[in-house]
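Here is the structure we will look at, set down as structure tokens.
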Amino acid sequence: MTDMQRRPYVPPKQLNSPYPLIDSDPHFKRVCRYARTSDYFKAGAFAAFGPGLMLLWEKISPSHVSKSSFASVMRLSYTIGAGAGFLYFYTLSIQRFYGMEENQREIEMDMREMVDKVKKGEPLYGRSSLTPYMQGVAARNSRYTGIWLHVIPWFNFVNHDQHGVDTAKYYRQAERELAAEQEARANSA
């Protein structure tokens, strides 16, 4: 018996959230793809706040530095603002995966995406070149990291199957849809 066969699987802890959990460790691309239009606007305003505040301060109380020095300050301000805006954008989107914010739209998108993958015979969460053990390590290291994104920006870039949700719901829905499609074809023939 190998070491992997003896290791028990410990499911991730469920957070006490007001909305259903979609994924406790969503992939980076998935979080960005599921973002709402309002997330982009909020993040853009958040990113523009820093440079806008620097310009306002310069108008109210001029620093009397050269234009090249002020340009350097503004470049740094834009860079910090862009980074902060992206982290805010990511936080807004990932909170819906955790069920901390209203997430009905994301639940429907998740169901549609996963059912389509089941119908095509693809793995639900993508293929990975890592061993199952390393996938577990990656999952344990990045699970619920969106909560502490303001402390350590840590993202999930690994495809694995440990997401804290019962995947049977996707297979049941795919069976229902396939049965309905077969019935529709039988009725039309």
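Hydrogens, waters and symmetry mates are skipped; everything else that's a heavy atom, side chains included, is used.
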Could you state the interatomic distance from [atom1] ([X]) to [atom2] ([Y]), rounded to the nearest 0.5 Å?
X    : Y    : atom1 : atom2 : result
K67  : S72  : NZ    : OG    : 13.5 Å
Y98  : L15  : OH    : CG    : 8.0 Å
E108 : E106 : CD    : CD    : 9.0 Å
R172 : T167 : CZ    : OG1   : 9.0 Å
M74  : L76  : CE    : CG    : 10.0 Å
L149 : Y144 : CG    : OH    : 15.5 Å

Same cluster (ILVMFWY, side-chain, under 4.5 Å), L87 and Y78: no
Same cluster (ILVMFWY, side-chain, under 4.5 Å), L92 and M109: no
Side chains of E177 and V118 in contact at under 4.5 Å (non-hydrogen atoms): no
Check: Y125 and M114 side chains under 4.5 Å, non-hydrogen atoms: yes
Can you see which heavy atom on [X] is nearest to which on [Y], and at what distance?
X    : Y    : result
A43  : G85  : CB-O, 3.3 Å
Q104 : E102 : N-OE2, 2.8 Å
A35  : R105 : O-NH2, 3.6 Å
V158 : S128 : CG1-OG, 4.4 Å
C32  : Y40  : O-OH, 3.8 Å

Should [X] and [Y] count as an ion pair when the cut-off is N to O under 4.0 Å?
X    : Y    : answer
R36  : E101 : no
E113 : K117 : yes
R112 : D116 : yes

Which donor-acceptor pairs under 3.5 Å do the side chains of residues 19-28 make with protein atoms, sequence neighbours left out?
{"residue": "D23", "atom": "OD1", "partner": "D25", "partner atom": "N", "Å": "2.9"}
{"residue": "D23", "atom": "OD1", "partner": "H163", "partner atom": "ND1", "Å": "2.6"}
{"residue": "D23", "atom": "OD2", "partner": "R30", "partner atom": "NH1", "Å": "2.8"}
{"residue": "D23", "atom": "OD2", "partner": "H163", "partner atom": "ND1", "Å": "3.1"}
{"residue": "S24", "atom": "OG", "partner": "H163", "partner atom": "O", "Å": "3.0"}
{"residue": "D25", "atom": "OD1", "partner": "S142", "partner atom": "OG", "Å": "2.9"}
{"residue": "D25", "atom": "OD2", "partner": "S142", "partner atom": "OG", "Å": "2.9"}
{"residue": "D25", "atom": "OD2", "partner": "H160", "partner atom": "NE2", "Å": "2.7"}
{"residue": "H27", "atom": "ND1", "partner": "K29", "partner atom": "N", "Å": "3.2"}
{"residue": "H27", "atom": "NE2", "partner": "F157", "partner atom": "O", "Å": "3.3"}

Donor + acceptor pair across side chains of R185, Q182 (<3.5 Å): no
I152 atom CD1: more than 12 heavy-atom contacts under 6.0 Å: no
